[in-house]
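Worksheet: one structure, shown below.
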Amino acid sequence: MASSRTGRPPVQRAPRRPAGRPRSPRDNPLRLLVLRARKAWDRPLTAYYLIFGSSLLITVLGLVMVYSASMITALQLSLPGSFFFRKQFLAASIGTVLLLIAMRVPVKLHRALAYPILAGSVFLMILVQVPGIGMSVNGNQNWISLGGSFQIQPSEFGKLALVLWGADLLARKQDKGMLAQWKHMLVPLVPGTFLLLGLIMLGGDMGTAIILTAILFGLLWLAGAPTRLFGGVLAVAVTIGFILIKTSPNRMSRLACIGATEPGPNDTCWQAVHGIYALASGGLFGSGLGASVEKWGQLPEAHTDFIFAITGEELGLAGTLSVLALFAALGYAGIRVAGRTEDPFVRYAAGGVTTWITAQAVINIGAVLGLLPIAGVPLPLFSYGGSALLPTMFAIGLLIAFARDEPAARAALAMRQPRFGRKRAAVRGSAGAAGPRRWNTMRRRASAARSSGER
């Protein structure tokens with residue numbers, strides 16, 4: 001090695017990178033982080049974890065907020081402070097059982113259940129209009145009393161019925177190649193949906209009718225309806241909706257409260273304005289859990305339709321953005337399941353459920369923010385109401401089952417199950433035959449010791 005003038009060996013320098021050579025991802029930590037995030041995002045079980053995790057967090061946070069928002073209302077009604085929370089917790093427990101059942105039921109059985117659920121929903125919605133059976137709540141005749149303080153709203157189960165029945169109908173027609181003709185795409189899907197809408201509108205529930213209409217358009221969009229056909233059905237729906245709103249002073253007053261900052265004459269916009277007040281007073285991190293002021297009689301329906309406003313007041317912008325992020329993750333996962341499947345029924349059903357939950361969340365949050373008229377629909381999985389929670393959790397179970405049934409996800413789960421099975425088998429074997437296994441181990445050690453020359 002050549003020495004320098006001082007007698008020391010020359011310092012070896014790292015070779016310079018050629019000017020035209022691109023940098024590897026390891027040279028850029030931010031790019032490496034993005035690549036890792038993309039890799040994790042594209043894993044087969046990502047949709048499964050997103051649906052399960054986001055729905056679980058929404059439900060748990062909803063239980064907490066229902067307890068906080070309903071306590072004052074319960075005390076004003078001379079009821080225990082945890083009255084509404086206990087009912088919601090019972091509904092969530094039953095809904096969890098339905099979710100687990102929906103996760104494990106095969107797709108063929110889901111298709112077989114479509115028509116019984118549809119027939120049962122129609123029958124219950126007819127019973128709602130029978131005097132002495134149906135109940136009126138807040139001016140809407142959409143409830144059936146089950147005795148005591150328990151009621152059921154059959155129109156909520158109509159959403160699930162329309163998703164399953166519409167998905168099965170379109171899947172069978174696609175298998176027969178009949179969706180290329182517009183009459184097979186519309187009939188009997190559109191007349192059946194109008195039957196459900198008519199029964200719902202007899203009770204005056206405009207909000208639920210809007211959700212069913214959104215589900216119908218979502219199914220038609222997934223079925224590849226032509227622009228003219230889609231636009232024609234949309235024009236008919238908008239015309240009917242305009243007539244129903246124009247002929248109802250109550251609906252016209254709700255429409256006039258969009259963007260209102262004052263209660264107005266006769267306090268017609270009281271609820272919309274105080275929802276804005278609750279959000280505005282929350283700040284960045286809120287006033288604290290349970291410290292809401294608006295729930296002390298100022299904001300009507302604090303634990304049902306306007307629970308998002310109480311969330312903003314107590315948990316602040318951070319809490320509301322967290323709820324929005326959870327719904328966005330749930331919606332993305334549902335779209336991903338619908339887009340990656342090869343089964344037509346799974347595609348239509350997953351798209352219908354995603355349209356249902358996303359549209360209902362947008363309408364509820366938009367009304368609280370003053371961007372949309374108050375439609376009277378609950379926030380899915382979050383607001384108080386067992387009739388809305390049970391079918392929604394069953395629908396979440398459908399999405400989870402569909403996410404697990406993807407070919408890549410099924411392969412990933414199959415690779416995990418043998419490991420778990422071998423581990424359990426090893427544990428059982430060691431428990432049942434501890435003596436022989438220990439003797440064999442000692443014999444192997446002894447033979448290994450002899451081979452090395454030790455005694």
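Residue numbers count from 1 along this sequence. Keep in mind it's a predicted model, so treat the numbers as computed, not measured.
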Point-to-point distance, once rounded to the nearest 0.5 Å, from [atom1] of [X] to [atom2] of [Y]:
X	Y	atom1	atom2	value
I374	I363	CD1	CD1	13.0 Å
L195	L199	CG	CG	5.0 Å
L56	L381	CG	CG	10.0 Å
T304	L379	OG1	CG	11.0 Å
L389	S383	CG	OG	10.0 Å
D405	I400	CG	CD1	13.5 Å

Between the side chains of [X] and [Y], does any donor sit under 3.5 Å from an acceptor?
X	Y	value
E294	S292	no
S287	E313	no
Q76	T73	no
N142	E156	no

Main-chain N/O of [Y] paired with [X] side-chain donor or acceptor, under 3.5 Å:
X	Y	value
R254	P373	no
R251	L244	yes
T320	L317	yes
T239	A235	yes
S281	A278	yes
T59	S55	yes
Q141	Q129	no
T46	R43	yes

Closest heavy-atom pair and its distance - [X], [Y]:
X	Y	answer
I51	A333	CG1-CB, 3.4 Å
Q88	G386	OE1-N, 4.1 Å
A367	F306	O-CZ, 4.3 Å
A309	G275	CB-O, 3.8 Å
D205	S155	OD2-OG, 4.0 Å
A388	T392	O-OG1, 2.6 Å

Under 3.5 Å, side-chain donor or acceptor atoms of residues 344-362 against the rest of the protein: list the pairs with distances, not counting sequence neighbours.
from: R347; atom 1: NH2; to: Q174; atom 2: OE1; distance (Å): 3.1
from: Y348; atom 1: OH; to: Q174; atom 2: OE1; distance (Å): 2.5
from: T354; atom 1: OG1; to: A350; atom 2: O; distance (Å): 2.7
from: T355; atom 1: OG1; to: G351; atom 2: O; distance (Å): 2.7
from: W356; atom 1: NE1; to: Q360; atom 2: OE1; distance (Å): 3.3
from: T358; atom 1: OG1; to: T354; atom 2: O; distance (Å): 2.7
from: Q360; atom 1: OE1; to: K159; atom 2: NZ; distance (Å): 2.8
from: Q360; atom 1: NE2; to: P378; atom 2: O; distance (Å): 2.9

Are [X] and [Y] side-chain neighbours, meaning at least one heavy-atom pair lies under 4.5 Å?
X	Y	value
F394	L99	no
Q151	V137	no
Y48	V337	no
F327	I58	yes
L196	L162	yes
L212	T208	yes
F85	V64	no
R410	R404	no

*In sequence, state the C-alpha distance, the side-chain angles, and the governing distance for I144 and L124, and then conclude on side-chain contact (heavy atoms from CB on, under 4.5 Å).*
CA-CA 8 Å; I144 296 177; L124 291 177; 4.3 Å; yes

*Should we count CZ of F52 as having more than 12 external heavy atoms under 6.0 Å?*
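Open.
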
_Take a 6.0 Å sphere around CZ of R36 and say whether it holds more than 12 heavy atoms from other residues, nucleotides or ligands._
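12 or below, so no.
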
_M65 and L315: CA distance, side-chain angles, deciding distance, side-chain contact (heavy atoms from CB on, under 4.5 Å) verdict_ = CA-CA 10 Å; M65 293 310 304; L315 303 182; 4.0 Å; yes

*asked:* Against the six-membered ring of Y384, is K87 placed for a cation-pi contact (under 6.0 Å from the centre, within 45° of the normal)?
replied: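 No, a cation-pi geometry is absent between K87 and Y384.
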
*With under 30° as parallel and over 60° as perpendicular, where do the rings of H303 and F84 fit, or are they tilted in between?*
tilted

*asked:* If the condition is side chain to side chain donor-acceptor pair (under 3.5 Å), which residues does K173 pass it with, not counting sequence neighbours?
replied: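 Expected list: none.
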
*asked:* Once side chain to side chain donor-acceptor pair (under 3.5 Å) is applied, do any residues pair with R172, and if so which ones, sequence neighbours excluded?
replied: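 Side chain to side chain donor-acceptor pair (under 3.5 Å) check on R172 returns Y115, D168.
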
*side-chain contact (heavy atoms from CB on, under 4.5 Å) assessment of E406 paired with E342*: CA-CA 9 Å; E406 289 183 11; E342 299 178 358; over 6 Å; no

*With side-chain contact (heavy atoms from CB on, under 4.5 Å) as the test, would you mind laying out the steps for E314 and K295 before giving the verdict?*
CA-CA 11 Å; E314 295 187 350; K295 68 183 181 183; 3.2 Å; yes

*Using the salt bridge (Lys or Arg N to Asp or Glu O under 4.0 Å) rule, collect all pairs that involve residues 63-84, keeping only residues at least two apart or in two chains.*
none

_Suppose we screen for ring pair (Phe, Tyr, Trp, His ring centres under 6.0 Å). Which residues come up paired with F217, at least two apart in sequence or across chains?_
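Listed in chain order: F230.
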
_Any residue meeting ring pair (Phe, Tyr, Trp, His ring centres under 6.0 Å) with H274, in chain and number order, not counting sequence neighbours_ = W270, Y277

